[in-house]
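Structure first, then comments.
Keep in mind it's a predicted model, so treat the numbers as computed, not measured. Letters A, B, ... mirror the listed sequences (proteins, then strands); counts begin at 1.
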Amino acid sequence: MSQTANTPLVRDQAKVMNRFDLISRMVKKLHRDEAVIGGIGYSNFDLWAAGRRPQNFYMLGSMGLAAPIALGVAIAQPERKTIALEGDGSILMQVGALATIAARKQKNLIVVILDNGAYQITGGQVAATGLGADIVAMARGAGIGQSMWAADESHFDELIDRALAEDGPWLIGCRIDTSKPVDTTERDPAQIRDRFMRGLGVKK
Amino acid sequence: MTTDTDPQRAEALRPWHEIVRDALKANDVRLITFVPDNVLRPLIEAVQADPFFTVFSTTREEEAVGIVSGAWMAGMRGIVLMQTSGFATLANVLASLAVPFQIPVMMMVSERGTLGEFNIGQALVARTMRPVLDCLAIEHHTLSRLDEVEFIVDRSIRQAVATQAPVTFILSPLLTGGKVFQK
Ligand SMILES: Cc1ncc(C[n+]2csc(CCOP(=O)(O)OP(=O)(O)O)c2C)c(N)n1
């Protein structure tokens, strides 16, 4: 637990990991029908590749809205842990959402940021994160006290365990490489929404 | 002769924001997200005063639409309150989330830009609102008469839910008095 103690890591100290590996590790830990919102860019592609769950929602646009959508789910179902899986470019576009989440003190919400320092899906153009912006520090500044970088894979596992067990809101920053995603999400929005609502027990 | 104790007349004397609040409540619309506007102030205060509602501001209107969309999919109905300039930021989220995913996002827009507008920016941006709603085939109604508010809001919420489609209520200055230039 040394990395989560009083001297949190900065972005430069975090290991560069792999998106699909991290998402697979996270999904394996979901035993209580936790909801997961996969943002645009490659985040939702590897969520799709990590195994179909009816509690997954895959975005097809609306850049930056994974965390707000997850916040809405978390408000409506306060007993269910809800995870937003968002790219660095995307969260930069809707960075005010971090302040809203902090102000709501939403206990059952976890934001996981997959930071490759770039807008990868559109051609790998460098993002502000690749030039020094630190999303975890920004989240802390917005008031999400439990914001930290995952130092490496085992630390990521540890942070996810804690975030699933203890009150949030949490923000977990992960530096990732620029590997291609493993699969491509099926783009059928009405079906994605219908499955998700059944997965959350809203439709029978 | 009608008197103020006549129920119909008493209903007619209620301000628009109380009628809206009660129609939201009657239709179990519990979540209210907003970016503030002066004309919306009495409605925001009315829902904030009632513990039935969960009410909070967001940093952008898009974010507010994302939140009520998530809440709807998880079983809670919600509405976004904003002014015309805020609606102008929503074309992308409506076209990529609410409409294709068939999510009945409810929106209430305080109409600036007309009937005595003093800010040219508001007057220009207001002209984008109805064309955007029309080209996305989103149901919208302009509320201009007190006696129609209850019927329009109640029926349109039911329709939005039944048809899984967004709906927009535009609050005309004819109803609210709008925002007037003061020196
Ligand atoms: C409002 C808006 N602007 C631009 C785009 C184009 N676009 C799609 S994905 C994307 C990059 C997303 O970057 P990030 O969240 O870092 O994910 P990554 O591609 O790196 O996985 C951009 C710019 C868009 N879809 N919507």
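Other residues, nucleotides and ligands place no more than 12 heavy atoms under 6.0 Å from the CD1 atom of B:Ile120. Enclosure of atom CZ in A:Arg187 is not indicated, since only 12 or fewer non-hydrogen atoms of other residues, nucleotides or ligands lie within 6.0 angstrom. A:Gln125 CD: more than 12 foreign heavy atoms inside a 6.0 Å radius. Counting non-hydrogen atoms of neighbouring residues, nucleotides and ligands closer than 6.0 angstrom, the CZ atom of A:Arg52 exceeds 12 such neighbours. Annotation: A:Lys29, atom NZ; neighbour count of heavy atoms from other residues, nucleotides and ligands within 6.0 Å is above 12.
Shortest non-hydrogen contact noted between B:Phe101 and A:Tyr58 is CZ-O, 3.6 Å. For the pair B:Ala71 and A:Ala76, the tightest heavy-atom approach, listed with the atom from each and the gap, is O-CB, 3.7 Å. Shown here for A:Ile69 and B:Met73, the closest heavy-atom pair between the two residues is CG2-CE, 4.1 Å.
Proximity to chain B (any heavy atom under 4.5 Å) is restricted, for A:Ile192, to the side chain, taken from C-beta onward. Heavy atoms closer than 4.5 Å to chain B are found in the side chain of A:Arg104, but not in its backbone. If you measure heavy-atom distances from B:Ser57 to chain A, the contacts under 4.5 Å come from the backbone alone.
Of the listed residues A:Thr82, A:Ile37, A:Val73, the one with more heavy-atom pairs under 4.5 angstrom with chain B than any other is A:Val73. In terms of heavy-atom pairs under 4.5 Å with chain A, the best-connected choice from B:Leu31, B:Thr59, B:Ile67 is B:Ile67. Here B:Pro100 is the residue among B:Ser69, B:Pro100, B:Gly75 with the most heavy-atom pairs under 4.5 Å with chain A. Comparing A:Ala74, A:Pro68, A:Ala35 by how many heavy-atom pairs each has under 4.5 Å with chain B, the most go to A:Pro68. Residue with the most contacts toward chain B among A:Leu200, A:Asp194, A:Leu65: A:Leu65 (heavy-atom pairs, distance under 4.5 Å). The residue among A:Ala99, A:Gly199, A:Gly61, A:Ala97 with the most heavy atom pairs within less than 4.5 Å of chain B is A:Ala97.
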**Message:** Does B:Glu63 form a side-chain hydrogen bond (donor to acceptor under 3.5 Å, both in side chains) with A:Gln94? I'd like the steps, not just the answer.
**Reply:** CA-CA 7 Å; B:Glu63 187 196 349; A:Gln94 203 65 238; over 6 Å; no
**Request:** Go through B:Thr58 and A:Thr100 one step at a time and tell me if the side-chain hydrogen bond (donor to acceptor under 3.5 Å, both in side chains) criterion holds.
**Result:** CA-CA 6 Å; B:Thr58 61; A:Thr100 307; 5.9 Å; no
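The shortest side-chain heavy-atom distance between B:Met76 and A:Gln77 does not fall under the 4.5 Å cut-off. Taking the side chain as every heavy atom from C-beta outward, A:Met63 and B:Asn92 never approach each other to under 4.5 Å.
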